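Okay, so here's the structure we're looking at.
Quick caveat: nothing in here was measured; it's all calculated off a predicted structure. For the numbers below, each heavy atom of this structure counts, side chains included, while hydrogens, waters and symmetry mates do not.
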Amino acid sequence: MTTTARTPRTARVVRRPRDALLLVGGAALLVLVSLPVHPDSVSAAETAVFRALNATTVLPFVLVWPVMQLGNVVVVPCAAAVAAAFRRWRLAAGLLLAGAAVYLLAKQVKGVVPRGRPDGLLSDVVVRGAAALGRGYVSGHAAVVTSLLVVAWPWLGRRARIGCSALVAAVCLARVYVGAHLPLDVVGGAALGLAVAGGVRLVLGHPR
């Protein structure tokens with residue numbers, strides 16, 4: 001008689017080198033993006049990219065606003081609650097940890113690399129909706145939405161990954177489009193989100 005050994009449920013939780021690569025690569029990208037950021041001026045190249053995204057009306061603000069809110073910190077507990085409803089406890093914990101960590105770290109980066117909002121640094125900025133307040137670098141919306149996607153990635157199927165990646169890109173572009181951030185703000189935010197999510201995946205693990 002033969003006995004088939006069962007694989008323990010805990011064995012399905014893995015930590016891969018790519019998780020460490022996300023952590024290190026995201027942190028390195030954040031440092032590199034921060035280097036050209038100046039508190040009182042914006043480079044010609046960044047200004048050109050900003051104006052290309054901000055000056056032309058592509059969609060009405062009423063359609064852009066709800067997509068942009070996917071990067072709001074309020075989405076963090078909502079996403080964790082959805083994961084918990086499907087009994088994905090490790091995913092729920094990862095979303096909460098990543099969302100809280102990236103939100104707090106974004107505030108620290110704002111203190112280390114101070115830069116204002118586009119309308120305080122450039123002329124003829126089109127501000128759509130309420131004007132954003134406080135410091136601009138990094139974008140908290142970009143950081144939050146990127147960290148949530150990267151943490152959830154191992155649980156998502158191919159179509160969900162494509163759709164969610166498109167939404168993350170839309171949030172980042174929307175923050176520039178409405179005049180809330182400059183391009184390097186959202187790139188730096190996304191880099192911070194990658195680093196935090198990589199760290200969370202290393203700590204908590206994820207499905208094989």
Tell me whether [Y] is reachable from [X] by hopping between hydrophobic residues (I, L, V, M, F, W, Y) whose side-chain heavy atoms are closer than 4.5 Å.
X    : Y    : answer
V31  : V186 : no
V144 : L104 : yes
L194 : L202 : no
V109 : V73  : yes
V203 : L91  : yes

Quick one: pull up [atom1] in [X] and [atom2] in [Y] and give me the separation to the nearest 0.5 Å.
X    : Y    : atom1 : atom2 : value
S165 : W153 : OG    : CH2   : 4.0 Å
R201 : R15  : CZ    : CZ    : 12.0 Å
L148 : C78  : CG    : SG    : 10.5 Å
S139 : R175 : OG    : CZ    : 5.5 Å
L22  : T146 : CG    : OG1   : 11.5 Å
L204 : R90  : CG    : CZ    : 6.5 Å

For [X] and [Y], work out which heavy atoms get closest and say how close.
X    : Y    : answer
S147 : A98  : OG-O, 4.2 Å
L192 : A143 : CD2-CB, 4.3 Å
V49  : P183 : CG1-CG, 3.7 Å
V102 : G99  : CG1-O, 3.4 Å
A80  : A92  : O-CB, 3.5 Å
A195 : A27  : CB-N, 3.6 Å

Non-hydrogen side-chain atoms of [X] and [Y] separated by less than 4.5 Å:
X    : Y    : value
V176 : D185 : no
L122 : L182 : yes
H141 : L70  : no
V145 : L167 : no
L156 : C164 : yes
V178 : M68  : yes
D19  : H206 : yes

Between [X] (side chain only) and [Y] (backbone N and O only), is there a donor and an acceptor less than 3.5 Å apart?
X    : Y    : result
Y177 : V58  : yes
E46  : L184 : yes
D119 : V125 : no
R88  : W155 : no
R135 : G116 : no

(Q) Do R115 and H38 pair up side chain to side chain, a donor and an acceptor below 3.5 Å, judged on atom types alone? (A)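 Short answer, no.
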Q. Just by distance, with hydrogens left out, do Y137 and S34 show a side-chain donor and acceptor under 3.5 Å apart?
A.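 Yes, side-chain donor-acceptor contact under 3.5 Å.
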Q) Is it the case that more than 12 heavy atoms not belonging to W65 sit under 6.0 Å from its CH2 atom? A)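 12 or below, so no.
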Q. Does CZ belonging to R51 count more than 12 external heavy atoms closer than 6.0 Å?
A. yes
